[in-house]
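Quick notes on the structure that follows.
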2 protein chains.
Amino acid sequence: MTATIKDVAREARVSVASVSRALNGTGGVTPATAQRVREAAARLRYVPHSAARSLITRRTHAVGALMPDLHGEFFSELIRGIDLEARSHGLHLLVSSSHNGTEDAAAALRAMQGRVDGIVILSSPRVDAEFLKANLPDGLPAVLLNSDVRAGAVVLNIDNFAGTYAMVRHLVGLGHSRIAFISGPKDNFDAQQREAGFRAAMGELVPKAPLRIVAGDFGEASGYQAGLELLASKTRPEAVFAANDMMAVGCLQAFKEAGVDVPGEIALAGFDDIPIARYVTPPLSTVRVRIAELGKNAMDLLADLMDRPGLSAASVHTLGCDIVVRESCGANRGGAAASTSTSTTKKIRDPSNR
Amino acid sequence: MTATIKDVAREARVSVASVSRALNGTGGVTPATAQRVREAAARLRYVPHSAARSLITRRTHAVGALMPDLHGEFFSELIRGIDLEARSHGLHLLVSSSHNGTEDAAAALRAMQGRVDGIVILSSPRVDAEFLKANLPDGLPAVLLNSDVRAGAVVLNIDNFAGTYAMVRHLVGLGHSRIAFISGPKDNFDAQQREAGFRAAMGELVPKAPLRIVAGDFGEASGYQAGLELLASKTRPEAVFAANDMMAVGCLQAFKEAGVDVPGEIALAGFDDIPIARYVTPPLSTVRVRIAELGKNAMDLLADLMDRPGLSAASVHTLGCDIVVRESCGANRGGAAASTSTSTTKKIRDPSNR
DNA sequence: GAGCCGAACGTAAACGTTTTCACGAACGCT
DNA sequence: AGCGTTCGTGAAAACGTTTACGTTCGGCTC
């Protein structure tokens with residue numbers, strides 16, 4: 001059926017060994033014969049059998065991406081970043097997404113055993129340290145994304161802390177001090193870090209302001225509820241900072257229905273910069289996460305790890321966020337230029353320029 | 001290092017053949033020995049080497065997904081649908097996205113050679129019939145998505161034609177007859193079909209109405225421009241139907257800036273039902289494409305094809321769309337119930353119930 | 001009790017590569 | 001001129017499975 005290395009060898013009148021050497025660019029072959037082999041291979045449309053190669057090489061030239069069941073932009077951008085970088089490393093990408101339970105993820109992990117040379121794992125609350133210890137085939141290079149596992153692994157995190165901190169600084173710079181926070185799910189790693197960043201920033205920047213935190217779950221409805229709750233309180237906040245954009249959007253809706261002007265009466269900010277953020281009215285100020293870059297960096301870390309011998313150096317890396325200033329926080333009325341606040345966290349002016 | 005079938009054989013005191021038979025459920029082995037083998041395998045944490053298996057079996061138990069460089073919801077939902085269904089078939093998913101040029105896609109196609117048992121290809125303008133004939137390894141089962149290739153392939157398309165037709169019917173039912181259309185890129189297959197559906201619907205439902213079509217490119221800016229152009233015309237349309245949501249959003253922005261009330265003065269509709277659609281004001285009526293289902297169906301077709309011997313029956317399938325009625329078309333003021341218009345195309349009432 | 005048949009199991013070949021090793025030939029050196 | 005070294009090449013082993021083919025053995029029929 002399909003041509004094999006023997007066919008090429010016969011066609012080029014050399015041994016299979018020479019064909020292998022010529023095609024792989026391993027030395028030890030004359031330019032002339034290399035050329036002859038290449039021609040023969042092209043003539044026969046020869047493409048090496050990857051399984052046979054993997055069998056002896058112990059390398060699959062593929063990496064896996066394991067992620068929980070998530071929709072939308074985050075998923076696609078992450079895959080995009082990983083895929084692009086993987087291809088530039090000559091690697092294939094095996095995707096296994098949409099896992100809910102631990103046993104689901106464990107099965108996927110097992111199934112990837114031997115099919116990939118490394119793996120990028122996007123953590124969910126269920127996928128924690130002991131889960132990985134139990135299910136991750138040891139010796140398999142892995143990079144963990146947004147994980148609180150700190151022991152013996154390579155971890156790459158979004159700098160949620162710095163992001164929230166910078167946004168609080170921005171809001172404070174605008175003159176607000178009574179800033180309320182809508183938090184995310186208790187078991188979510190990003191949510192925890194964002195709340196921590198908020199607490200730290202408030203404590204350091206406006207230490208005498210009251211700390212108001214209302215619970216949310218990253219869903220739009222919980223943001224709406226939080227908005228109602230905040231409106232009902234005796235002293236309304238000057239600004240509301242939601243731990244993600246969906247909640248900010250829900251909160252905005254509550255404000256709108258109550259006839260509260262944003263940002264006139266209350267300023268509003270979110271986190272993530274989902275596409276919707278720039279299309280609500282007023283456009284939402286938020287913290288942008290460069291997700292594709294997160295994927296790219298994860299893939300780079302993984303590639304490094306795979307080149308390394310067995311030595312898997314544990315390390316923690318972070319990827320900075322950008323403050324994107326639109327109208328919902330009230331800073332963008334005039335034409336003030338953007339300024340950089342941190343080395344990793346840039347401030348961007350984005351006047352909903354659709 | 002890792003346990004091999006020989007180790008299991010030794011541990012279970014049988015031959016490697018029996019191990020293979022026991023673990024694969026091929027007959028010819030006593031329940032007792034099968035049990036013994038399973039225990040030994042579990043004890044050694046044995047997992048069969050997939051490359052070795054593929055080498056002799058000529059099966060990889062993996063399918064590929066080849067897609068152009070696209071962002072956002074469409075990508076993630078499609079992958080999601082494919083992945084879920086692939087896993088339920090016991091197949092792995094090899095993703096290769098973000099291809100721009102033909103040579104890029106050709107390389108990806110070649111690289112997948114031998115790594116997958118079948119492939120799902122999402123067409124882009126560059127990937128046409130002769131490209132596939134030239135680059136698709138023959139004998140490799142393939143399912144084409146949103147493709148105008150009709151010869152010798154299995155094709156699954158969104159029913160753009162019926163979708164646009166149904167939306168026009170809906171607008172006409174609302175009393176509009178001067179309906180303008182903002183078209184998509186000329187070389188885009190979906191855009192072509194949507195325009196064809198619009199022309200057909202207008203010709204049949206309101207034959208005496210003038211046919212107004214202004215050119216767009218699926219981008220938001222082009223929708224904005226089209227909006228301006230329509231406002232400037234001597235007889236303004238009663239309704240505007242954009243070939244996709246992004247253009248409808250741009251158009252809406254133009255109307256807003258001009259102080260034109262939507263849907264009061266002009267009704268507006270889009271196509272795709274991107275997440276943003278429900279968050280603009282007024283929420284956008286549109287045609288929903290069930291993308292995850294598209295992916296699932298594609299995977300099912302592919303699985304069928306792979307089970308088949310060599311006989312690759314060419315066929316064309318379509319997936320219906322849903323009309324989702326929000327406020328931008330003016331139908332949703334009252335509380336009218338939803339009605340079904342076609343067997344494949346349902347009409348949904350969706351009053352922006354965030 | 002001889003013959004036979006089918007089931008359970010083992011032996012070994014095969015799948016298509018890479019890589020180690022051996023073998024010449026060519027070459028530069030004393 | 002002889003020798004050692006390098007270099008290009010080929011033969012063959014190895015990777016871990018599946019499976020075709022024997023072989024054994026127990027139980028059945030006459």
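We name chains A, B, ... by the order of the sequence lines, and we start the count at 1 in each one.
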For a quick check of understanding: with a heavy-atom distance under 4.0 Å over all strands, which category does A/S50 fall into, base, sugar-phosphate or nothing? nothing
Between N or O atoms, less than 3.5 Å apart, protein on one side and nucleotides 22-25 of chain D on the other: list the pairs.
none

For the side chain of A/R58 and the base of D/dG16, is some donor closer than 3.5 Å to an acceptor across the two? no
Go through the side-chain N and O atoms of B/R110 and B/Q113 and say whether any donor and acceptor fall under 3.5 Å apart. no
Expressed as a whole number of angstroms, how long is the span from B/H49:NE2 to C/dG16:P? 17 Å
Roughly how far, to the nearest 0.5 Å, is CZ of B/F189 from CG of B/L144? 10.5 Å
For the pair B/S54 (side chain) and B/R59 (backbone), establish whether a donor and an acceptor sit closer than 3.5 Å, ignoring hydrogens and angles. yes
Will you find, in the side chains of B/S123 and B/N146, an N or O donor that is under 3.5 Å from an N or O acceptor? no
So does B/A32 get a backbone contact from the side chain of B/T30, meaning a donor-acceptor N/O pair under 3.5 Å? no
When rounded to whole Å, the CG to C1' distance for the pair B/L23 and D/dT17 reads 12 Å
Short side-chain N/O contact from B/T30 to OP1 or OP2 of C/dC9, under 4.0 Å: yes
To the nearest angstrom, how far is A/R115 atom CZ from D/dG16 atom C1'? 15 Å
DNA chain D: B/R21 or B/T4, which has the more 5' nearest nucleotide? B/T4
With heavy atoms under 4.0 Å as the rule, sort A/T26 into base, sugar-phosphate or nothing. nothing
On DNA chain C, does the nearest nucleotide to B/A52 precede the nearest nucleotide to B/S15 from the 5' side, or the other way round? Give the residue. B/S15
Is A/S18 close enough to D/dG10 that one of its side-chain N or O atoms is under 4.0 Å from OP1 or OP2 there? yes
If every non-hydrogen atom of A/D117 is compared with every non-hydrogen atom of A/R58, which pair is closest and at what distance? OD1-O, 4.4 Å
When the distance from CZ of B/R36 to C1' of C/dG10 is rounded to whole Å, what number comes out? 14 Å
Rounded interatomic separation in angstrom, taking CD from A/Q113 and C1' from D/dG16: 14 Å
Nearest-nucleotide 5' precedence on DNA chain C, B/G28 against B/I56: B/G28
Is any side-chain N or O of A/S20 closer than 4.0 Å to OP1 or OP2 of C/dT17? no
Whole angstrom value for the distance that separates P of D/dT17 from CG of A/L55: 9 Å
Specify the separation, in whole Å, of atom CD1 of B/I5 and atom P of D/dG16. 11 Å
Mind calculating the distance between NZ (B/K6) and P (C/dG10) to the nearest angstrom? 15 Å
Got a salt bridge between A/D83 and A/R80, using NZ or NE/NH1/NH2 to carboxylate O under 4.0 Å? no
